[in-house]
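Whatever order the structure lists them in is the order used to number ligands and atoms, beginning at 1. This structure is a prediction, so every number in the text was calculated from the model and none was measured.
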Amino acid sequence: MKILITGNMGYIGPSVVQQLRSSYPGSTLVGLDTGYFAHCLTNSEILPECRVDQQYFSDVRTIPAELLDGVDAIIHLAGISNDPMGNTFEKVTFDINHLASIELAKKARERGVSSFVFASSCSMYGSADDSPRNETSPLNPLTAYAKSKVYTERDLEAMADERFKVTSLRFSTACGMSERLRLDLVLNDFVTGAVTSKTITILSDGTPWRPLINIKDMARAIDWAMTRDSGNGGSFLAVNVGSDEWNYQVKDLAYAVSEVIPDVEISINKDAQPDKRSYRVNFDLFRRLAPDYQPQVDLITTIRELKEGLEAMKFGDENFRNSKFMRLKVLTHLREQGFLNEDLGWTGKNDMGTKLKN
Ligand SMILES: NC(=O)c1ccc[n+]([C@@H]2O[C@H](COP(=O)([O-])OP(=O)(O)OC[C@H]3O[C@@H](n4cnc5c(N)ncnc54)[C@H](O)[C@@H]3O)[C@@H](O)[C@H]2O)c1
């Protein structure tokens, strides 16, 4: 089997590569990424890309169709991956997340790729009352990022058939330690605050609901989606990925962190405007279709791994919300220094002496 993983040089990618390498040792793994965050490594023993057979530094907006020859499956992770980046680079977010994804899927279908797995997001449910959303619930995307996922899913559905199986995994918010860590994710932020300054600062009033999933469990879901039979879910499937136990209110995540890391002060912003991005999610369909691939890592283990990972990095930056582990900060910096143009393409004419501040 030849598997192309786009966006493999981000936060989730290294876990996905390790999962697929272990499940399909004889397969050929090909990575493709433009490398925005290539330098944002943690404490990795080796460059994570050494685990793939081939690595392309390429933009998904301009993938040559020949690159897809002989590919059996595509795991499509590449994209602008959160709301702050989507708000700042709105047009580019639609270009990369929506248009380029659909172009890639078209080329893939023409070249005989049989399985296409898309990294979608539960954020497409937007604001919802307390009843958990299932796959038939109305979508309410509140941001450019969430809208880009909705449009892509819609257009992918129209392309799927027996020869081209599409699985759109509506992931919960990711968390956990990675060789390319992100600290702009709620649990990772709380653990880092606790480790660096014994403080957890909740920017909302703490009540919003947020389903979470460990990146290792995301990788296992991707493994399942790639090889699932069309009889199990149909030629197009959009499914929520996570678990009922991991529907948390943000304040409960903070309390869980303070169980693992004692003497932490939790500050809740009681005057915060209500955070509209609050939703609970129903995972019955995923449980029914993928009983052997259900999330396994628990919250306390995830918090411990993050804490130990940060300690191993000797990470002590109290000002981590300005560090290179924040995706928007990195893109903004690369733009300001002239490394990226306004379409977030590499300019190739930079002063390479300029260093990104940690
Ligand atoms: N992290 C989460 O909570 C979460 C939840 C749901 C869905 N997802 C989705 O999963 C995917 C991966 O998320 P992540 O957390 O690893 O994000 P990330 O930002 O760490 O990684 C995304 C990768 O895509 C690459 N990329 C971006 N634009 C590209 C382009 N034009 N051409 C080639 N490569 C490009 C980046 O360089 C980066 O390595 C994203 O599509 C994201 O929307 C993430």
For this session: Work out which heavy atom in Ser101 is nearest to a heavy atom in His76; give both atom names and the distance.
Result: OG-NE2, 2.8 Å

For this session: For atom 5 (C) of ligand 1, find the nearest protein heavy atom and state the residue, atom name and distance (0.1 Å precision).
Result: Ser172 O, 3.5 Å

Exercise. Evaluating non-hydrogen atoms only, which member of Ile63, Val60, Asp33 is closest to atom 25 (C) of ligand 1?
Worked result: Asp33

Exercise. Taking Arg21 for the side chain and Arg51 for the main chain, is one N or O donor matched with an acceptor at less than 3.5 Å?
Worked result: yes

Exercise. Should you measure from each heavy atom of Thr173, which atoms of ligand 1 turn up under 4.0 Å away?
Worked result: 3 (O)

Exercise. To which protein heavy atom is atom 7 (C) of ligand 1 closest, and what is the distance rounded to 0.1 Å?
Worked result: Ser120 O, 3.1 Å

For this session: Provide, to 0.1 Å, the distance between atom 19 (O) of ligand 1 and the closest protein heavy atom, together with that atom's residue and name.
Result: Ser81 OG, 2.6 Å

Problem set entry | Arg182 neighbourhood, listing ligand 1 atoms whose heavy-atom distance to it stays under 4.0 Å | 1 (N), 14 (P), 15 (O), 17 (O), 20 (O)

Problem set entry | Nitrogen or oxygen of Met9 less than 3.5 angstrom from that of ligand 1 | yes

Exercise. Does any N/O atom on His76 come nearer than 3.5 Å to any N/O atom on ligand 1?
Worked result: no

Exercise. Is it true that Arg335 and Glu342 have a side-chain N and a carboxylate O under 4.0 angstrom from each other?
Worked result: no

For this session: Among all protein heavy atoms, pick the one closest to atom 12 (C) of ligand 1 and tell me residue, atom and distance.
Result: Leu77 O, 3.5 Å

Exercise. Looking at atom 42 (C) of ligand 1, what's its closest protein heavy atom, distance included?
Worked result: Tyr145 OH, 3.6 Å

Exercise. Under 4.5 Å between any side-chain heavy atoms of Lys106 and Arg111, yes or no?
Worked result: no

For this session: Provide the number and element of each atom of ligand 1 under 4.0 Å from a heavy atom of Leu185.
Result: 3 (O)

Exercise. Quick check: are there more than 12 heavy atoms from other residues, nucleotides or ligands sitting under 6.0 Å from NZ of Lys91?
Worked result: no

Exercise. Between Thr227 and Asp223, is there a donor-acceptor pair closer than 3.5 Å when you use the side chain of the first and the backbone of the second?
Worked result: yes

Problem set entry | Residue Gly35 vicinity, atoms of ligand 1 by number, heavy atom under 4.0 Å | 37 (O)

Exercise. Which ligand 1 atoms, with their elements, are less than 4.0 angstrom from a heavy-atom of Ala119?
Worked result: 9 (C), 10 (O), 11 (C), 41 (O)

Problem set entry | atom 3 (O) of ligand 1 [closest protein heavy-atom partner, distance rounded to 0.1 Å] | Ala174 N, 2.8 Å

Exercise. What are the atoms of ligand 1, with element, lying closer than 4.0 Å to any heavy atom of Gly7?
Worked result: 23 (C), 24 (O)

For this session: Indicate yes or no: at least one non-hydrogen side-chain atom of Phe57 is less than 4.5 angstrom from one of Trp346.
Result: no

Problem set entry | Heavy-atom side-chain proximity of Lys107 to Glu66 below 4.5 angstrom | no

For this session: Using a strict cut-off of less than 4.0 Å between a Lys/Arg side-chain nitrogen and an Asp/Glu carboxylate oxygen, indicate whether Arg61 and Asp343 qualify as a salt bridge.
Result: no

Problem set entry | Shortest protein contact, atom 13 (O) of ligand 1 (heavy atom only) | Ile12 CD1, 3.4 Å

Exercise. Is it the side chain, the backbone, both or neither of Ile96 that has a heavy atom closer than 4.0 Å to ligand 1?
Worked result: side chain

Exercise. Should you measure from each heavy atom of Ser58, which atoms of ligand 1 turn up under 4.0 Å away?
Worked result: 32 (N), 33 (C)

For this session: Look at the side-chain heavy atoms of Ile, Leu, Val, Met, Phe, Trp and Tyr, link any pair under 4.5 Å apart, and say whether Leu99 and Leu156 land in one connected group.
Result: no

Seminar exercise, completed: re atom 21 (O) of ligand 1, the protein heavy-atom contact at minimum distance is Gly10 CA, 3.4 Å

Problem set entry | Test item, Arg180 contacting ligand 1 (heavy atom, 4.0 angstrom) | no

For this session: Check each atom of ligand 1 against the heavy atoms of Arg327 and keep those under 4.0 Å away; list them by number with element.
Result: 18 (P), 19 (O), 20 (O)

For this session: Ignoring hydrogens and angles, tell me if any N or O in the side chain of Tyr36 forms a donor-acceptor pair with the backbone of Met9 under 3.5 Å.
Result: no

Exercise. Under a 4.5 Å cut-off applied to non-hydrogen side-chain atoms, are Gln294 and Arg287 in contact?
Worked result: yes

